[in-house]
Amino acid sequence: MLKYIADRDHYTEVLARCEGVKHDLWIGTADLKDLYVGTQAASLRKGSEPVEPFLAVLDRLLRRGVDIRLLHAKEPGDNFREDFDRYPGLWTRLERRLCPRVHFKIMVFDCAVAYIGSANLTGAGIGMKGEGNRNFEAGILTDEPALVDAAADHLDSVWQGLHCRSCKRKDFCGDRISQ
């Protein structure tokens with residue numbers, strides 16, 4: 001599979017894939033905000049789709065034993081932190097690292113499928129925002145082994161701190177991965 005992903009397809013085909021992960025979910029994003037997703041739960045409000053923070057999805061995955069790596073460029077805002085605090089399982093089980101040089105947007109699902117594109121982990125980027133409110137985004141979703149491996153290796157090299165020694169942006173790095 002090698003599929004072009006545009007605009008709302010980021011939500012319906014990429015973000016929705018997270019729920020089905022069985023072992024590993026790796027996410028690399030520059031920006032991270034209080035992203036919301038639709039939920040299967042019954043709605044208490046007539047005519048509106050029930051929603052929950054994407055962090056609830058991550059919390060469920062962690063409770064199922066999925067290993068999750070979240071690599072992002074900067075600390076998210078207050079709304080994200082408030083949602084984060086509602087899921088204590090994230091505090092101890094979510095692997096999270098910061099690197100101010102991260103600008104790629106990569107998601108790797110069970111080391112078998114990868115998304116490589118422009119969408120940040122935000123409502124307007126990959127979330128459920130309506131057509132008039134979402135960003136114009138583009139990317140690919142693939143299970144081609146060479147592309148999946150390349151994306152995973154790229155994310156992993158930053159995760160492991162392989163670039164830290166030669167990085168010239170250390171003054172902007174509040175939580176160094178490696179010295």
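All residue numbers refer to positions in the sequence shown, counting from 1. The analysis underlying the following values was restricted to heavy atoms, covering all of them including side chains, and did not include hydrogens, waters or symmetry mates.
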Does [X] reach the side chain of [Y], with side-chain heavy atoms less than 4.5 Å apart?
X	Y	answer
L32	T122	no
R97	H72	no
T142	K3	no
W26	M107	no
M128	Y11	yes
E52	V37	yes
I126	V14	yes
L61	I68	yes

Side-chain donor or acceptor of [X] paired with backbone N/O of [Y] under 3.5 Å:
X	Y	result
D110	D24	yes
R134	G127	yes
D143	V113	no
K105	H103	yes
N79	D34	no
R69	E95	no
R86	L55	no

If I compare all heavy atoms of [X] with all of [Y], which pair ends up nearest, and what's the gap?
X	Y	result
N133	A124	O-CB, 4.0 Å
A119	H10	CB-CD2, 3.5 Å
K22	V66	O-CG2, 3.6 Å
I27	L155	C-CD1, 3.8 Å
A151	A114	CB-CB, 4.2 Å
K74	D31	CE-OD1, 3.4 Å

Exercise for the section: Using a strict 4.0 Å threshold on nitrogen-to-oxygen distance, state whether R8 and E137 make a salt bridge. Expected result: no
Practice task
Taking only Lys NZ, Arg NE, NH1 and NH2, and the carboxylate oxygens of Asp or Glu, determine whether R81 and D85 approach each other closer than 4.0 Å.
Solution key: no
Joint hydrophobic cluster, [X] plus [Y], side-chain heavy atoms closer than 4.5 Å:
X	Y	answer
V148	L2	no
Y115	Y4	no
I140	L15	no
Y87	F54	yes
I116	L141	no

Nearest 0.5 Å, what's the [atom1]-[atom2] distance between [X] and [Y]?
X	Y	atom1	atom2	value
L35	L121	CG	CG	5.0 Å
D149	E144	CG	CD	11.0 Å
D7	T12	CG	OG1	10.5 Å
R17	F109	CZ	CZ	6.5 Å
L58	F84	CG	CZ	9.5 Å

Handout entry: Exercise: do H163 and R101 side chains pair donor with acceptor under 3.5 Å
Key = no
Problem - Test item: side-chain donor near acceptor, T29 and N120, under 3.5 Å - result: yes
Practice task
Decide side chain to side chain contact (heavy atoms under 4.5 Å, CB included) for D59 and R93; before the verdict, give the C-alpha distance in whole Å, the side-chain angles of both, and the deciding distance to 0.1 Å.
Solution key: CA-CA 9 Å; D59 184 62; R93 293 189 298 242; 4.2 Å; yes
Exercise for the section: Determine, stepwise, if the pair D156 / L162 fulfils side chain to side chain contact (heavy atoms under 4.5 Å, CB included). Expected result: CA-CA 9 Å; D156 191 51; L162 299 183; over 6 Å; no
